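Take a look at the structure below.
Predicted model only: the values in this text are computed from it and were never measured. Lettering of chains follows the sequences in order, A, B, ..., and the numbering in each one begins at 1.
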Protein chains: 2
Amino acid sequence: MTQMSKRTRPITPPTPKAEHRKAARPATPKHAAACCRPIDSLLNPELFRALCDPTRSSLVACIAKCGRGCSVSEVAECCSVDLSVVSRHLSQLADAGVLHSRKEGRTVFYAVRYSDLTKMLRDLADSIDECCPDGRAEGGCCVPR
Amino acid sequence: MTQMSKRTRPITPPTPKAEHRKAARPATPKHAAACCRPIDSLLNPELFRALCDPTRSSLVACIAKCGRGCSVSEVAECCSVDLSVVSRHLSQLADAGVLHSRKEGRTVFYAVRYSDLTKMLRDLADSIDECCPDGRAEGGCCVPR
DNA sequence: CCAATACTTGCACGATGACGCAAATGAGCA
DNA sequence: TGCTCATTTGCGTCATCGTGCAAGTATTGG
């Protein structure tokens, strides 16, 4: 247990869920100074975390292609996992900002947050571009040695 | 690299790696017919899987901001995990197409695949847009009930 | 009020992931 | 050849994740 010495592992007790995911993010590394900061916030693991599971991503694709809000049980037909699993995945995706949920009577409709999602992706792409467009970067912010 | 093929599990022999990740992907769901297919391939969990870990994403941010190729030990200074862990993360990111590696003598330089990465992100954003631009989608491909 | 419908939540289990340490491999250099 | 530096790999450990089943909650209809 002492294996992971100091960082991210308060020995045992509280286990605040996905703890190590929160911690390991050294604000400003030695190299790579203050330039191009937007990438730090845009390269948010939470979004990717939501989309990294194939079941979840297929659910997103299903709803996206659907174009309208889909109920949980409707979406569940898209894949072979239990309805409860789908329910959990959808709420997870909603938490991550990928989906939007709307309750109507006893059914819950999930829809893709098209513009938010595409904005996140494009902003990230932009921030990556900004970091180092072709020519630039030589003698950039990161000390060579 | 197949670094973690069947490793770390002496107990259960066959363990076909990340099995469930491969499987759960019902080609064509009942709803959401053949329209807007690109999203299926672009919403690739593998890319997100690579970026979903905060340590990994901070490594990517570090290298991105760096602008040039960074050696493993250099990058390791950006975060507080063991060098071996960084090495594994970097090769994982390279496998996912996020980074590019180049060996020079005994050092390995990793650099962000700027254009590939931004292309993937923008294409995905485009495919999401295509799926359902504002007005469209009513009475789309997914049967309402 | 009761039953049915549509989800959500609790729980247990097996698989996977991230990690550190130590040993191994590879590549220059004296 | 032997040594050192840079990185990778083997292995054990612990936490987290995805999943199914069963029970619980909310909402609508009779």
Side-chain angles (χ1 to χ4, degrees), chain A residues 1-24 45 49-50 52-59 70-77 79-94 101-110 145, chain B residues 1-24 45 49-50 52-59 70-77 79-94 101-110 145:
Chain A
M1 189 12 109
T2 17
Q3 59 187 81
M4 53 284 280
S5 40
K6 36 267 175 190
R7 63 174 248 77
T8 41
R9 202 79 35 138
I11 306 301
T12 7
T15 308
K17 193 176 181 183
E19 179 190 333
H20 85 279
R21 291 221 296 276
K22 306 293 180 182
R49 166 60 65 186
C52 74
D53 179 75
T55 303
R56 272 196 299 272
S57 74
S58 74
L59 294 179
C70 294
S71 70
V72 176
S73 25
E74 223 171 38
V75 181
E77 294 177 36
C79 68
S80 49
V81 297
D82 194 81
L83 177 69
S84 69
V85 172
V86 172
S87 169
R88 263 187 280 250
H89 279 320
L90 294 179
S91 86
Q92 210 170 328
L93 286 162
S101 74
R102 171 177 50 92
K103 187 163 189 179
E104 206 168 279
R106 52 190 167 189
T107 53
V108 179
F109 292 97
Y110 282 94
R145 229 217 138 334
Chain B
M1 320 226 135
T2 25
Q3 52 186 92
M4 66 283 260
S5 339
K6 48 265 187 176
R7 58 176 230 75
T8 22
R9 203 58 40 121
I11 304 175
T12 33
T15 309
K17 194 181 178 181
E19 181 188 328
H20 85 279
R21 289 222 296 276
K22 304 292 177 186
R49 166 60 64 186
C52 74
D53 179 75
T55 302
R56 272 197 298 274
S57 74
S58 74
L59 294 179
C70 295
S71 70
V72 177
S73 25
E74 223 171 38
V75 180
E77 295 178 34
C79 68
S80 48
V81 297
D82 194 80
L83 178 69
S84 68
V85 173
V86 172
S87 169
R88 262 186 280 248
H89 278 321
L90 293 179
S91 88
Q92 211 170 326
L93 286 163
S101 73
R102 172 177 50 93
K103 189 163 186 178
E104 206 168 281
R106 53 190 167 188
T107 54
V108 179
F109 292 97
Y110 283 95
R145 234 220 141 325

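If you check dC21(C), dT8(C), dC19(C) against the side chain of Ser84(B), the one that comes closest is dC21(C). With dG26(C), dG20(C), dT19(D) as the choices, the nucleotide that has an atom nearest any side-chain atom of Lys103(B) turns out to be dG26(C). The side chain of Asp53(A) has dG18(D) as its nearest neighbour among dG18(D), dG20(D), dC21(C). Nearest to the side chain of Ser87(A), among dT9(C), dT7(D), dG20(D), sits dT9(C).
The side chain of Thr55(A) places an N or O atom within less than 4.0 Å of a non-bridging phosphate oxygen (OP1 or OP2) of dT19(D). For His89(A), no side-chain nitrogen or oxygen approaches OP1 or OP2 of dC17(D) to under 4.0 Å.
Between the OG atom in Ser101(A) and the CG atom in Leu93(A) there is a gap of 11.0 Å [rounded to 0.5 Å]. To the nearest 0.5 Å, atoms CG (Leu59(A)) and CZ (Arg56(A)) are separated by 9.0 Å.
With rounding to whole Å, Gln92(A) atom CD is found 9 Å from dG18(D) atom C1'. Remark: C1' of dA18(C) and CG of Leu93(B) are 13 Å apart, rounded to the nearest angstrom. What separates CG of Asp82(B) from P of dG12(D) is a distance of 18 Å, to the nearest Å. Taking atom CD of residue Glu77(A) and atom C1' of nucleotide dA6(C), one finds them 13 Å apart after rounding to whole Å. For Leu90(A) and dA6(C), the CG to P distance is 16 Å, given to the nearest whole Å. Phe109(A) has its CZ atom 14 Å from the C1' atom of dT27(D), to the nearest Å. Taking atom CG on Leu59(A) and atom P on dC7(C), their separation rounds to 13 Å, with Å as the unit. Separating the CG atom of Leu83(A) from the P atom of dT19(D) is a distance of 13 Å, rounded to the nearest angstrom.
Here Tyr110(B) lies in heavy-atom contact (under 4.0 Å) with sugar-phosphate atoms only. Using a 4.0 Å heavy-atom cutoff across all strands shown, Ser71(A) reaches sugar-phosphate atoms only and no base atom. Residue Val85(A) is in base contact, counting any heavy-atom pair closer than 4.0 Å across all strands shown. Glu104(A) comes within 4.0 angstrom of nothing in the nucleic acid, heavy atoms only.
Nearest heavy-atom pair across Thr55(A) and Ser58(A) is O-OG, 2.8 Å.
Using a 4.5 Å heavy-atom threshold, the side chains of Tyr110(A) and Ser71(A) count as separate. The shortest side-chain heavy-atom distance between Arg49(B) and Arg49(A) falls under the 4.5 Å cut-off.
One N or O donor and one acceptor, one from the side chain of Arg88(A) and one from the base of dG20(D), sit under 3.5 Å apart. Side chain Arg106(A) to base dC7(C): no donor-acceptor pair is found below 3.5 Å.
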